[in-house]
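Working notes, beginning with the structure itself.
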Amino acid sequence: METAQVRQYSKEFLSGLMEKMLLIRRFEEKAAQMYGLQKIGGFCHLYIGQEASGVGSISAADLSRDFILTAYRDHGIALACGMKPGHLMAELFAKASGCSKGKGGSMHFFDSSLHFLGGNGIVGAHIPVATGVAFKIHLKKESGVVLCFFGDGAIHQGSFHESLNMAQIWKLPILYICENNQYGMGTDFRRVSAVTDFTVMGNSYGIKGKQTNGMDVLEVYNVVSGEIDRIRRESTPGFLEIRTYRYKGHSMSDPAKYRTRDELEAYREQDPLLLLKTKMLNDGHITEEQFEALDARIKKLCDDAVKFADKSDEPALQSIYDDVFA
Amino acid sequence: METAQVRQYSKEFLSGLMEKMLLIRRFEEKAAQMYGLQKIGGFCHLYIGQEASGVGSISAADLSRDFILTAYRDHGIALACGMKPGHLMAELFAKASGCSKGKGGSMHFFDSSLHFLGGNGIVGAHIPVATGVAFKIHLKKESGVVLCFFGDGAIHQGSFHESLNMAQIWKLPILYICENNQYGMGTDFRRVSAVTDFTVMGNSYGIKGKQTNGMDVLEVYNVVSGEIDRIRRESTPGFLEIRTYRYKGHSMSDPAKYRTRDELEAYREQDPLLLLKTKMLNDGHITEEQFEALDARIKKLCDDAVKFADKSDEPALQSIYDDVFA
Amino acid sequence: MAVITVREALRQALEEEMDRDENVILMGEEVAEYSGAYKVSVNLLDKFGPERVIDTPISEEGFTGIGIGAAIAGMRPVVEWMTINFSLQAIDQIYNNAAKLLYMSGGQLKVPIVFRGPNGPAEYLASQHSQALQSIFCHCPGLKVMAPSSAYDAKGMLKAAIRDDNPVIFLESELMYSWKGEVPDREYLIPFGEADIKRNGSDVTLISFSKPVKLLLDAAVELAKEGISAEVIDLRTLKPLDEVTIFNSVKKTNRCVIVDEAWPFASVGSHIGYLVSSNCFDFLDAPVELVSSEDVPMPYNHRLELAVQPSIKKIIDTVKRVSYRS
Amino acid sequence: MAVITVREALRQALEEEMDRDENVILMGEEVAEYSGAYKVSVNLLDKFGPERVIDTPISEEGFTGIGIGAAIAGMRPVVEWMTINFSLQAIDQIYNNAAKLLYMSGGQLKVPIVFRGPNGPAEYLASQHSQALQSIFCHCPGLKVMAPSSAYDAKGMLKAAIRDDNPVIFLESELMYSWKGEVPDREYLIPFGEADIKRNGSDVTLISFSKPVKLLLDAAVELAKEGISAEVIDLRTLKPLDEVTIFNSVKKTNRCVIVDEAWPFASVGSHIGYLVSSNCFDFLDAPVELVSSEDVPMPYNHRLELAVQPSIKKIIDTVKRVSYRS
Ligand SMILES: Cc1ncc(C[n+]2csc(CCOP(=O)(O)OP(=O)(O)O)c2C)c(N)n1
Ligand SMILES: Cc1ncc(C[n+]2csc(CCOP(=O)(O)OP(=O)(O)O)c2C)c(N)n1
Ligand SMILES: [Mg+2]
Ligand SMILES: [Mg+2]
């Protein structure tokens, strides 16, 4: 089954997924390290463990016409959209060369040219905004689809429900993707949700929900591709729950006492990179040596990103007055 | 069937329902008349046509321990809770003898001694508040149940969804009652709702929904009684859609062009008072003469309410500073 | 010049801008089939169709965010809040998305959008429906705020607001919709940040905006009879504020009375009071005075609600006090 | 006297009041099992159990309304907003229910509830997470607002807030949680509306509240070295405001500088600036000056975010200016 699945994909395609996931993993590890060195401050929500969710989903999108929005855990999504590690690291370092000119920081990455519209710090608040982007596509009769990512905690925000209703009555091309990493900060989602199977969340709006294993990048890719195709055809919204897991604490200060070591280990054993690597090895798409070489290249990319960020200038003090108004 | 249903009830009980519904009908007619005479100003949302919904529901409650909250279309609900026509008419006349001392008006009737907690003008905003009253009952391990009434328009407010989720995870004793009179102002509910059968609204929270015919006071009474009993036993929330209809415009200024004469007529033919009266006649519980006498007595009550309101004093100007703080 | 109502002036502004730019859309509750709760959008649905004049469910937070999303994607939405009171449900979207997306994204995301609706007290509407909320919007950087006081200004200002590339809060007034005024046939725009000297005077500067400007003009006539020459300034734009015009006037008259329908604490009125006091310190012959609404919720009773608000008498008494004539 | 942190002082206040009155409950995101995002509620779950220390979903509008409902039903909830930034999603519940229910109901519904959490900028948190929102709360009649500046005040003020029968907005500060101060072992309360003169002086009155009070005290030391004797007033309660203490001080020093972390327009700071200017008109030797944050969203870059906020240098420069010493 697994291998059968793999066979459908070219070596180039699989290598592309691997490269993106590895880039995210190494970038986040580097970010954590730089945070320790106090080159980065404030909140820093790492994506480690969730790589397959963002990479699988966004690889299924066509960013010449589709749009991506997410919450504050946005490093991985931004990289999956093709943003440059240097511009992101520089943003984390609060430099003028950062993607948001040093004004946004970890939670507020943006690249409108790549159709990545952020990077929002208020839980659930970007869901209506993403719905509005789909509304524009609908009004202009364009063919794009919006992928709106949010966490298991955001599902209890009223704006999520208001958005689904309007997306359905107006037939908007948007896929709501709940990245259920099973915790909202220290809260197990089962403690705050009346239902534990989120696929029913769309029922009150006539939206059929789907669920997928977020540790398997190919499964995610398949399901999201299918949904994007359907949405382009029918132009009706979709809802997808991606079951995933974050290895690190919520942000840098969180000891994550609320979960067991075993739980974490169990997930590490189905690590998304490990899973894909094994498939590719079995399938003869990659050798250990080639993987090591790839990893080395990517580590270098991240080192260069740090170098770039380090030598970039801080924004001028006067820039506090820039971009308040257009 | 119908008569079978009627047989279960004592003459006193049925007369009580009839008396309350007739009181609401006559009170609202009187209010409309007084509005025409400019004794009443601002918004004035009449309950005519919906009498069976409020009376059937609240007759099933035990107001020594249960609580009632609703939106701004609150005259009928207040009367069904036992508030005195005089105090309500005086409030509409903005008099100091009004239930809210002339400060609340039509949308803000309250009587905490009768467990009627208003009377809220912001669509959907009282739903969390009602949920909080149920939360208190739950925390204090009391036996009461909260009936929270709202319209078909309120169902698209995020706070409704947030409330249902918390009511379910905390096992709160509350029955959410959507009085679907099929229009939110000029908007047919089908135009703004992704689903037309509201009983699915609770699915995302594991709450089974029920639906009932709001023109039949006995059916409403039966369903609500059943739900209240279940909630007292299991202490889990319930959701009920009462299909009803408002004969008048949304408020006094609305010509109601958005609906057809025939639609209105069709509902008048199943008028809740007419329905109950016919049953009682068939069943020998009341004669035409007795009905006329009852009606005359109730009309007198409403005339007296106007007299009381008329001769009551306006609040003193200084009272604008009262009750800002406790 | 044609004499038209403020309502018609606003409608013409909407129609002309929608003619001019197909990206301009109008959305909100009852704006399409019902032509707006206050009939501002008469005929717009017929002319522009349901794709550009859109009825929404009662989901303020949701459709406010959807408007913002459509704006960052290239539309120029005009979002009607049925009344500004209901914007309180959408404040997070205004503060955290509309006002900040350009800044957080380092200048990438423009938010060209207008939020409009009636603000401030009308009559007999009680506490929840009679709030003047300009302070909340003016407090937040990234928002522009306008409040016209005549048909002429209403048309020229709304057109300018729609063409601006920033989020604009456009504050109307229910009681003003039927006010009539001259409007030229040729097209015109009223730029942001230009106050209008409605009447020249030498003894005292009277400052306000929106509905109360009429009170100032009437008061000025009375004061003239008593030999007090009042200069009347209509701010028109609250943010950015035309400080130059204000200060020049006060430096000439040496006295200043500000009128604001809102509550006094942390209000636009008291802010201007502070600005004038410190910037005209050496020119003031008397303390700057603010005539605001009382610091209480609005009561339903009409005599009480009038007592709560600024009045010609209160203004005249205050002017006399600062003129040492009382 | 014991020396404890502000965090511990708040915890003690909560514990003592929960011991004293079983109707006091604590609810909010992460307050129970996680002991609060900023660890203010350590041990409270263990001591009082899950019925009185309640974790909520991320549903600010919903649980704010639920707290209000529990309060009108007889509980005395303390609702924690993880940060005050997120209260923006619940402003409608605060303005339209918490602040108005007593008034609209003619005095029937008391709302004894405290809303608390960290307000104002911390570090490296960018625009959406660094807002000082006191102006919004102070503007609304029916709310009391407190903001302590020390461990001593934090404990005595929170206890007073919990015992008050009105809705109280209690503004803390993330950076202050670890500040230490002396707290007596005996029980004490700090009444509403009593400002605290932190330092006596004769040349200028410096006014602030919360975190910036420390800036004032440090500035006063510097100023003393230059022969300027500054009186430092900590407002403690923002509403009701202790005008007497403020005016008496300014009438003595004849100069006034106000410091407010918030944006300037329609702020608490500019409001006090207006009050002092008009009420001390004949006593002022120089214009009243406000040192606020710049009127821009908060940037992530640290040098920039510091440049946006009040600083000792800005305060000293301003004092010298109003002292005509610069
Ligand atoms: C409206 C709002 N409330 C609270 C917070 C604080 N907060 C930040 S992240 C978070 C948990 C969100 O969890 P989830 O949605 O599952 O996303 P994850 O962090 O797991 O990716 C909370 C409560 C916030 N940012 N916004
Ligand atoms: C949050 C909010 N938005 C808009 C309004 C204006 N408004 C008052 S009643 C109403 C329609 C509500 O319809 P429904 O919920 O069906 O109740 P009904 O009037 O039919 O009883 C609207 C839009 C409001 N009061 N509150
Ligand atoms: Mg999560
Ligand atoms: Mg309805």
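Below, read A as the first sequence line, B as the second, and so on, with proteins coming before strands; counting in each chain starts at 1. Given the structure is predicted, the values throughout are model-derived calculations rather than measurements.
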Could you have a look at D:Pro77, D:Ser105, D:Gly74, D:Gly107 and say which one has the most heavy-atom pairs with chain B under 4.5 angstrom? D:Ser105

Ranking D:Ile58, D:Leu101, D:Ile54, D:Asp165 by heavy-atom pairs under 4.5 Å to chain B gives rank one to D:Ile54

Which atoms of [X] are under 4.5 Å from chain B, going by heavy atoms: the side chain, the backbone, both sets, or neither?
{"X": "D:Asn23", "value": "both"}
{"X": "D:Thr56", "value": "both"}
{"X": "D:Glu51", "value": "both"}
{"X": "D:Asn97", "value": "side chain"}
{"X": "D:Lys100", "value": "neither"}
{"X": "D:Leu143", "value": "backbone"}

For the interface with chain D, which of B:Glu91, B:Lys101, B:Lys136, B:Met107 has the highest count of heavy-atom pairs at distances below 4.5 Å? B:Lys136

Among B:Gly104, B:Ala134, B:Ala125, the residue with the most heavy-atom pairs under 4.5 Å to chain D is B:Ala125

OG-CD distance between B:Ser163 and D:Glu61, expressed to the nearest 0.5 angstrom: 8.5 Å

Report the distance from atom OH of D:Tyr103 to atom CD1 of B:Ile320, rounding to the nearest 0.5 Å. 6.0 Å

Could you tell me which non-hydrogen atom of [X] sits nearest to which non-hydrogen atom of [Y], and how far apart they are?
{"X": "D:Ser59", "Y": "B:Met166", "value": "CB-CE, 3.6 Å"}
{"X": "D:Leu102", "Y": "B:Ala326", "value": "CD2-N, 3.3 Å"}
{"X": "B:Ser112", "Y": "D:Gln108", "value": "N-OE1, 2.9 Å"}
{"X": "D:Gln93", "Y": "B:Pro128", "value": "NE2-CG, 3.7 Å"}
{"X": "B:Trp170", "Y": "D:Asp55", "value": "CZ2-O, 3.5 Å"}

Measuring only between side-chain heavy atoms, which start at C-beta, is [X] closer than 4.5 Å to [Y]?
{"X": "B:Lys103", "Y": "D:Met104", "answer": "no"}
{"X": "B:Leu117", "Y": "D:Leu109", "answer": "yes"}
{"X": "B:Glu162", "Y": "D:Pro57", "answer": "no"}

Please state whether the side chain, the backbone, both or neither of [X] comes within less than 4.5 Å of a heavy atom of chain D.
{"X": "B:Phe135", "answer": "side chain"}
{"X": "B:Ala130", "answer": "neither"}
{"X": "B:Asp111", "answer": "both"}

State whether B:Lys140 and D:Glu22 are salt-bridged, where the test is any N-O pair (Lys NZ or Arg NE/NH1/NH2 against Asp/Glu carboxylate O) under 4.0 Å. yes

More than 12 heavy atoms from other groups under 6.0 Å of NZ on D:Lys110: no

B:Lys84 atom NZ, over 12 foreign heavy atoms within 6.0 Å: no

